[in-house]
Protein chains: 2
Amino acid sequence: MTTPGIQVTRLGKFDNMPLPTILAASFLDAGGHGVAQVLTHRERAALVGMSRPVEFKRDQMIQTEGARAEFIWNIVSGTAETYCLLPDGTRRVMSILFAADLIGLSEGGHYVETARALTEVRAWEIPLRALDGLVRRDPRLDAALLCKISHELRESERHLLTTARQDARARVAAFLVWLKQKEAATLHSGDLLELPLRREDIADYLGLSVESVSRCLGQLERSGLILREQRRTLRLMDVPALQKLAGMD
Amino acid sequence: MTTPGIQVTRLGKFDNMPLPTILAASFLDAGGHGVAQVLTHRERAALVGMSRPVEFKRDQMIQTEGARAEFIWNIVSGTAETYCLLPDGTRRVMSILFAADLIGLSEGGHYVETARALTEVRAWEIPLRALDGLVRRDPRLDAALLCKISHELRESERHLLTTARQDARARVAAFLVWLKQKEAATLHSGDLLELPLRREDIADYLGLSVESVSRCLGQLERSGLILREQRRTLRLMDVPALQKLAGMD
DNA sequence: CGTAACTTTGACTTGCTTCAAGGTGTGTGG
DNA sequence: CCACACACCTTGAAGCAAGTCAAAGTTACG
């Protein structure tokens with residue numbers, strides 16, 4: 001079980017931390033096609049009132065599967081992953097979460113996955129009890145959560161789509177393009193792609209072995225589609241070709 | 001695009017069709033652990049007021065990927081599937097839906113998947129426009145949808161979990177046990193399991209080839225775990241062994 | 001009763017995993 | 001500041017599981 005008061009570092013720089021942000025596509029209405037902020041300023045302020053800023057160091061646990069759910073976290077910066085441990089000892093990375101995402105979805109009052117910080121993560125820690133009350137007073141917030149969760153549902157389906165029935169190279173290519181899009185949403189870095197995760201995490205996310213991931217990267221490099229500048233830094237040389245390989249037309 | 005007024009059969013027996021039902025586990029509170037009705041009687045009645053009962057025949061399309069989203073459907077009886085067609089021509093079954101499930105989640109006003117009836121399906125057809133208004137007047141309904149969608153998210157993750165990184169036999173075993181649980185929720189049929197879908201659908205759901213599914217069933221039969229009574233009727237001889245094989249401990 | 005759709009089975013091939021060993025980077029203590 | 005140790009990544013070789021291709025068997029239905 002997470003005991004944030006102990007594990008979590010509190011720093012002065014939290015004073016000017018960005019407000020809680022939830023990005024999602026609209027659910028019911030046709031709206032703008034893109035992903036946008038679904039909280040009003042009022043709601044963001046209300047969330048700040050009941051939340052506290054926290055920071056997780058690299059590799060630190062955020063929540064544990066099966067533990068009593070007490071908080072959800074709204075990521076301000078950094079990258080995290082959620083995963084399940086299978087009875088045979090293997091690990092399955094279910095989702096990779098970025099700024100404006102939510103960590104901590106639960107069922108029956110208990111977390112269904114384990115979450116871990118991949119980089120340093122700053123987040124708003126929102127007590128579920130307080131959120132429950134806020135949702136009752138402000139139904140619009142409920143709609144915002146609905147948008148977010150249905151958006152996550154589609155993310156999960158996308159993940160399922162790339163994972164199943166595609167060969168290893170296509171999966172890796174799809175992953176790189178996806179990650180690049182996520183990154184491009186926050187910062188412009190040309191064709192450089194900073195990987196916030198280890199090969200092992202990529203493998204467990206794509207349902208491959210570490211060796212396969214490595215071999216695929218080598219293959220993509222030999223084909224001139226990418227360049228491995230450093231372990232965690234790739235250069236995407238031919239994004240259209242990667243997309244084609246990934247079967248994204 | 002679906003044009004329900006034309007494709008859909010209307011029958012007199014709709015008069016006493018069961019009210020709209022949404023089953024889901026609670027989202028925020030600890031509540032009962034099981035899956036339960038999340039609509040009040042009032043809400044169910046309100047939904048009836050704006051909906052109409054429809055019936056889809058076996059193999060009939062319910063919605064088409066990319067088409068303008070106008071309705072969602074609340075299944076009363078029968079089984080349906082949703083799927084995506086990949087650019088390489090392969091098909092990926094994303095979900096299998098039963099009574100009390102919802103069909104028709106959309107993004108940006110368009111359906112994200114194609115849905116098809118696997119058996120005869122009876123459902124309440126709810127216009128999105130009307131639902132939107134109702135949700136505004138009744139925030140609790142919004143919460144109900146939230147429960148349902150977060151429940152579906154977990155279903156999708158379960159699917160992802162069984163699909164990736166398990167061998168074919170384990171996937172098939174997991175599928176059979178899952179289907180049995182779904183079926184047991186509505187009717188008691190001993191150890192008999194009625195498959196509402198073809199081998200092809202099972203294959204596309206599990207990310208296997210039709211031949212692999214068939215071979216796995218043969219293998220499970222030879223091991224004494226199941227019996228193939230008819231094409232679409234299996235007898236589960238040893239559910240615990242199937243669960244163990246599926247890695248459900 | 002015949003045809004078409006569906007399912008099963010067999011033989012072969014491909015691609016991923018596993019096992020094993022060799023690199024490369026990083027952080028720590030001498 | 002260097003050297004060592006450890007964690008992480010890459011590469012190679014062998015084995016095996018699932019896919020593909022081909023054909024026969026079965027069921028459903030007109």
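In the text below, chain A, chain B and the rest are named by the order of the sequence lines, each starting its count at 1.
- A residue-by-residue look at E221(A) and A168(B) shows that E221(A) has its nearest nucleotide of DNA chain D further toward the 5' end.
- Rounded to whole Å, atom C1' of dT17(C) lies 12 Å from atom CG of D167(B).
- One interatomic measurement links the two molecules: CD of E211(A) to P of dG22(C), which rounds to 16 Å at whole-angstrom precision.
- When side chains are defined from C-beta on, K148(A) counts as touching L102(A), because their heavy atoms get closer than 4.5 Å.
- Residues E65(B) and T114(B) come closest through the heavy atom pair N-OG1, 3.0 Å.
- Residues K180(A) and D191(A) have side chains not in contact (no heavy-atom distance under 4.5 Å, counting atoms from C-beta outward).
- In terms of modelled atom types and a separation under 3.5 Å, the side chain of T233(A) and the main chain of Q230(A) share no donor-acceptor contact.
- In the region residues 193-210 of chain A, proximity to DNA chain C at under 4.0 angstrom, judged on heavy atoms, holds for G207(A), L208(A), S209(A).
- Contact of the E155(B) side chain with the W178(B) side chain is registered, since non-hydrogen atoms from C-beta on lie closer than 4.5 Å.
- The pair R228(B)-E221(B) counts as a salt bridge, with a side-chain nitrogen and a carboxylate oxygen less than 4.0 angstrom apart.
- Surrounding NZ of K244(B) are at most 12 heavy atoms belonging to other residues, nucleotides or ligands under 6.0 Å away.
- The pair E120(B)-R58(B) does not meet the salt-bridge criterion, since no charged nitrogen lies less than 4.0 angstrom from a carboxylate oxygen.
- Cation-pi geometry between R92(B) and Y83(B) is not satisfied (NZ or CZ under 6.0 Å from the ring centre, within 45° of the ring normal).
- Of the residues in residues 224-238 of chain B, R231(B) come within less than 4.0 Å of DNA chain D through at least one heavy atom, sorted by number.
- From the 5' end on, the contacts that DNA chain D makes with chain B at under 4.0 Å to a non-hydrogen atom open and close at dA18(D) to dT27(D).
- At a cut-off of 3.5 Å, with distance as the only test, no side-chain donor of T162(A) or R158(A) sits close to an acceptor on the other residue.
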